[in-house]
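Read through the structure below, which is laid out as structure tokens, and then see the notes.
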Amino acid sequence: MNLLDEVRSLFRPALVAMSVDPAKIDDYVAMVKPAANADHGDYQANMSMALSKTLGKKPTDVAQAIIAALPANSLVDSATVAGPGFINIRLKTDWLVEQLQQIATDERLGVPTLASPKTFVIDYSGPNVAKPLHVGHLRSTIIGDSITRLLRFLGHTVISDNHLGDWGTQFGILLYGYKNLLDREAYEQNPVQELARLYKAVRILIKEAGGEDEEAIANPIAEKCRHETAKLHAGDEENLRLWNEFMPACLSELHSTYEKLGILTFNHELGESAYNPELPEIVAEQLAKGIAFDSQGAVVIPNAKGNIPQTKEELEKEDPPALIRKRDGAFTYTTTDLATVRHRVNVFHADVLLYVVDFRQSLHFKTLFAQAKRWGYTNVEFEHLSFGSVLGADGKPFGARKGAAPGLVELLEESLVLANKKYWESYKSRKEQGHDVPDLDETEISKIAENVGIGAVKYADLSQNRTSNYKFDPEKMLATDGNTSTYMQFAFARCRGIFRKANEPEERFRTNPPKVILGQPTERALALQLLRLPNALETAAAEYMPHHLTAYLWDVAKSYSSFNEQCPVLKAETPELRDSRLLLVDLTARVIHLTLDLLGIKTVERM
RNA sequence: GCAUCCAUAGCUCAACUGGAUAGAGCAUCGGUCUACGAAACCGAAGGUUACUGGUUCGACUCCAGUUGGAUGCACCA
């Protein structure tokens, strides 16, 4: 049950009755929204002003007419005209009470399952497996993880595929390092650590050899690394053997980081290497179909406009074509991405392909999607879910080339230590105040610190609009006050604390819920927020924007805190009121738990 | 040079896609605990939404231009 849709459904017949242009009714109905200001009621309808011209009446008269034409219903308490022609709607409290009772018995808390689910293939994280993850990898990984969870909860089939960078220049670096700088003993003891050391050591050598521009052709070390990569791609036996030896180590390192982050296991991890055998055939097919062309010794595909600009003048005016086979015969990531499209549609039967990748690749995806359509994938929806860069304190992006970005594992570790410290601070101050504070065992405390610490890092990122750039500020990321996961986890822990003290099984409130009494304004406000869950999830899913979930959580948790302040639960005046409030508390806990879970963040019973 | 994105309170960000008085959090100032958890609550202050025009009942949002920034632009991925 979606509150907003319920209200909107009343306006449709009213607008039809007023003979509004049928083609535009959807647009007008969409002008029913949650009230921007709670003083104006629960919902507001803004179509009267827009309609006034076509109907030739004053906006306020139009509003009156719409109100008069609303069908009989049990949910609207009052609909009044305000200002230049706004319609303010207040819902019947009795109706809210009924809805609360319904969602209490619903495992999905009122969120409907989709009538027509789709199959999504979502591509996110996609790290270079030879490098340790840094803060720049955080966004793709956790945004993708959250979108996967959300779409699945709504009922879609979501196949997650981690398109690993496992075949590129970074292996050339490892191969060069292995052949020239290896500490054999260290490698045998701990291959992952030694490979990481080699990787860093070679990067430093490259930097020293080439000065600022480490990719300069003149850089002898970089050249040797490229040579190793080329040999690998050409099937050189030794390099291939080493690649097979390195991969398990690299992957286990990567997976251990994912585990620390607490993200879902990928359904597939088909990296670049997986598609390598298909690439020659793909280029051949596209050439044969006349959708790829020889150009200057390479094979290219047209830009999104369908052109292949070649001269300097032409290239200055529009986007370049993309290479799918280089002059030297090697393939590019565009070729590989075309292979992934084919695989995801033909083998995974995707209806929608999602790519959670940095906004800097938007030109690449624009070109890729256009080519995929020319190739025949016209019934598939392509979405590049781009996100902004991670910026340093100076406001400049952490270029992958600068290599100065803080490591992800270190950041998580730092957050965890801080959360542990906060726990003991809280423990101490509560003891001093005479609270009855249980002495938890060490494993439980470290579990709490982990969930709070990791949650803080994830939430800080997910709570921002993904399209904007992201200033990496450890202090803000590790903050535990304000709009943070800690606040939500705290609200949840308080809910659970009440139930512990009440000594009541939650089951009673979920199988045979008591009648809710919405006497206090804070009770009603909380109830309304709880009922808005389906709407929040739909909004977040429609735009693949997890920050709508955090905004909703923040509203719920704030409403709960105010309620908690003003409405005693266990000491409520009557048993009926106590029951009513216990139900609200249980629902709040369930809503917070669910929404945090969709963000990939865990709750804790105590903190 | 061309293209994409961006510019909102001191700082970090919202604004449900064109609606009422542009909202939060930090930071600042003031008020709340013999306790259902103060990791909290209540309040104050803080704005010419970069600038200039335009579109219309109505613009942070759409259009044009200006300034400033980020990013991308054929053999890295």
Side-chain angles (χ1 to χ4, degrees), chain A residues 4 30-31 33-37 39-40 44 46 49-50 52-53 59 82-86 88 126 128 165 167-170 215 226 229 272 295-298 300 309-310 315-323 325-328 330 332-334 336 358-364 366 386 388-389 391 395-397 400 422-423 425-426 429-430 433-437 452 460 463-465 467-469 471 473 475-476 479-484 486-487 489-491 493-494 497-502 535-536 539 543 547-548 551 554 558 561-562 564-566 568-572 581 585 606-607:
Chain A
L4 182 56
M31 290 183 184
K33 298 173 177 188
N37 182 338
D39 296 340
H40 296 148
Q44 62 181 48
N46 305 332
M49 285 79 79
S52 115
K53 196 173 253 179
F86 294 100
N88 289 337
N128 287 331
W167 198 242
T169 48
Q170 70 278 8
E215 290 194 350
R226 264 199 292 274
T229 312
E272 294 160 349
S295 172
Q296 301 174 22
V300 300
Q310 300 223 15
L315 281 166
E316 267 180 13
K317 265 189 262 163
E318 60 177 308
D319 294 337
L323 289 151
R325 190 172 71 205
K326 300 190 284 185
R327 204 171 2 215
D328 65 7
T332 71
Y333 77 136
T334 306
T336 312
D358 196 302
F359 80 102
R360 284 174 290 192
Q361 307 224 11
S362 44
L363 175 59
H364 164 68
K366 203 169 111 187
S386 78
S389 307
L391 312 177
K396 304 266 187 209
K422 292 266 180 188
Y423 173 84
E425 277 173 15
S426 167
S429 84
R430 287 174 64 206
Q433 287 158 22
H435 282 277
D436 182 21
V437 192
V452 172
S463 60
Q464 304 197 71
N465 184 325
T467 59
S468 48
N469 281 350
K471 193 170 208 171
D473 176 357
E475 207 162 309
K476 191 190 164 195
T480 56
D481 50 5
N483 183 3
T484 63
T486 312
Y487 184 91
Q489 287 165 326
F490 182 62
R494 286 168 110 182
I498 289 175
F499 263 86
R500 271 195 303 274
K501 200 153 222 167
N535 225 50
T539 306
E543 297 173 359
H547 85 284
H548 287 304
W554 176 235
K558 264 192 303 188
S561 288
S562 299
N564 195 66
E565 206 68 30
Q566 289 187 23
V569 177
L570 301 179
K571 293 177 201 157
R581 288 180 177 165
V585 170
R606 295 186 170 86
M607 57 193 281

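Predicted model only: the values in this text are computed from it and were never measured. As a basis for the values below, the full set of heavy atoms in this structure was taken, side chains included, without hydrogen atoms, waters or symmetry mates. Order of the sequence lines sets the chain letters (A, B, ...), proteins ahead of strands, with each chain counted from 1.
With B:rU71, B:rA70, B:rC36 as the choices, the nucleotide that has an atom nearest any side-chain atom of A:Val569 turns out to be B:rC36. With B:rG37, B:rA15, B:rG25 as the candidates, the nucleotide lying closest to the side chain of A:Ser426 is B:rG37. The A:Lys422 side chain lies nearest to B:rA39 when the options are B:rG19, B:rA39, B:rG1. Nearest nucleotide to the A:Leu323 side chain, out of B:rC41, B:rC75, B:rG72: B:rC75. Out of B:rC57, B:rU71, B:rA74, the shortest distance to the side chain of A:Leu315 is found at B:rA74. Of the candidate nucleotides B:rC57, B:rC36, B:rC75, B:rC36 has the atom lying nearest to any side-chain atom of A:Asn564. Among the nucleotides B:rG37, B:rU17, B:rA74, the one closest to the side chain of A:Met607 is B:rG37. Closest to the A:Ile498 side chain, of the nucleotides B:rA39, B:rC36, B:rA74, is B:rC36. Listed candidates were B:rA20, B:rA35, B:rA77. Nearest to the side chain of A:Tyr333 is B:rA77. Side-chain atoms of A:Asn88 lie closest to B:rA20 of the nucleotides B:rG25, B:rA74, B:rA20.
Between B:rA24 and A:Tyr487, no contact under 4.0 Å exists linking OP1 or OP2 to a side-chain N or O. The phosphate of B:rG19 has OP1 or OP2 within less than 4.0 Å of a side-chain N or O from A:Lys33. For B:rC76, one of the phosphate oxygens OP1 or OP2 lies less than 4.0 angstrom from a side-chain nitrogen or oxygen of A:Lys326. Side-chain nitrogen and oxygen atoms of A:Ser468 include none within less than 4.0 Å of the OP1 or OP2 phosphate oxygen of B:rU12. Listed pair A:Ser562 / B:rC42 meets the phosphate criterion, a side-chain N or O lying under 4.0 Å from OP1 or OP2. For B:rA14, neither phosphate oxygen OP1 nor OP2 lies less than 4.0 angstrom from any side-chain nitrogen or oxygen of A:His548. Listed pair A:Lys571 / B:rC36 meets the phosphate criterion, a side-chain N or O lying under 4.0 Å from OP1 or OP2. The phosphate of B:rA38 has OP1 or OP2 within less than 4.0 Å of a side-chain N or O from A:Arg494. Listed pair A:Lys476 / B:rC26 fails the phosphate criterion, with no side-chain N or O lying under 4.0 Å from OP1 or OP2.
Under the 3.5 Å distance criterion, the side-chain polar atoms of A:Thr336 are matched with a main-chain donor or acceptor of A:Thr332. Without hydrogens or angle criteria, A:Asn469 side chain to A:Ser389 main chain gives a donor-acceptor distance under 3.5 Å. A:Thr539 contributes a side-chain N or O that, together with a main-chain N or O of A:Asn535, makes up a donor-acceptor pair within less than 3.5 Å. Listed for the A:Gln566 side chain is no donor-acceptor partner under 3.5 Å among the backbone atoms of A:Ser561. No donor-acceptor pair under 3.5 Å is formed between the side chain of A:Arg325 and the backbone N or O of A:Val300.
A salt bridge does not link A:Arg430 to A:Asp436: none of the charged side-chain nitrogens sits closer than 4.0 Å to a carboxylate oxygen.
Look at CG on A:Asn465: it is 19 Å from P on B:rG23, rounded to the nearest Å. Taking atom CZ of A:Arg606 as the reference point, atom P of B:rC36 lies 16 Å away to the nearest angstrom. Atom CD of A:Glu475 and atom P of B:rG25 are 18 Å apart (whole Å). Note: CZ (A:Phe490) to P (B:rC41) measures 9 Å, nearest angstrom. Residue A:Asn128 contributes atom CG, which lies 10 Å from atom C1' of B:rC76 at whole-angstrom precision. To the nearest angstrom, P of B:rC36 lies 16 Å from CZ of A:Phe499. A:Arg430 has its CZ atom 16 Å from the P atom of B:rU34, to the nearest Å. Remark: C1' of B:rG43 and CD of A:Gln566 are 14 Å apart, rounded to the nearest angstrom.
The gap from the P atom of B:rC41 to that of B:rC33 amounts to 16 Å, rounded to the nearest Å. Comparing the same atom, P, in B:rC29 and in B:rA35 gives a spacing of 29 Å after rounding to whole Å. Straight-line distance between the P atoms of B:rA59 and B:rA22: roughly 12 Å, to the nearest whole Å. Distance noted for atom C1' between B:rC51 and B:rA7: 11 Å (whole Å). Comparing B:rG1 with B:rU67, their P atoms are spaced 11 Å from each other, to the whole Å. If you take atom C1' in B:rU8 and the same atom in B:rG46, they sit 14 Å apart, rounded to whole Å. A distance of about 27 Å separates the C1' atoms of B:rC13 and B:rU52, rounded to the whole Å. Comparing B:rG47 with B:rA14, their C1' atoms are spaced 15 Å from each other, to the whole Å.
Residues A:His40 and A:Phe86 have side chains not in contact (no heavy-atom distance under 4.5 Å, counting atoms from C-beta outward). Residues A:Arg606 and A:Arg500 form a side-chain contact, since some pair of their non-hydrogen atoms from C-beta on lies under 4.5 Å apart.
A:Glu565 comes within 4.0 angstrom of the backbone, heavy atoms only, and of no base. In this structure, A:Thr169 reaches the sugar-phosphate backbone alone: every heavy-atom distance under 4.0 Å involves primed, P, OP1 or OP2 atoms, never a base. Among the atoms of the strands shown, none is found under 4.0 Å from any heavy atom of A:Glu425. Across all strands shown, A:Gln44 has heavy atoms under 4.0 Å from base atoms, whether or not it also approaches the sugar-phosphate.
Annotated as syn: B:rC33, whose O4'-C1'-N torsion sits within 90° of 0. Applying the 90° cutoff around 0 to the glycosidic angle, B:rU17 is assigned syn.
Evaluation of A:His40 against the base of B:rA20 yields a stacking contact (centre distance < 5.5 Å, interplanar angle < 30°).
For A:Glu318, the side chain to side chain donor-acceptor pair (under 3.5 Å) partners are A:Asn303, A:Asn307, not counting sequence neighbours.
Judged by distance alone with a 3.5 Å cut-off, no donor-acceptor contact links the side chain of A:Gln464 to the base of B:rU12. On a pure distance criterion of 3.5 Å, no polar donor-acceptor pair joins the side chain of A:Thr332 and the base of B:rA77.
The two residues A:Pro309 and A:Pro321 come nearest to each other via the heavy atoms O-CD, 3.7 Å.
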If a pair means Watson-Crick or G-U wobble with both distances below 3.5 Å, what does RNA chain B look like in dot-bracket form, with | marking bases paired to a different strand? (((((.(..((((.....[...)))).(((((.......))))).....(((((..]....)))))).)))))....

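Counted by atom type alone, A:Tyr487 and A:Thr480 present zero donor-acceptor pairs between their side chains at under 3.5 Å.
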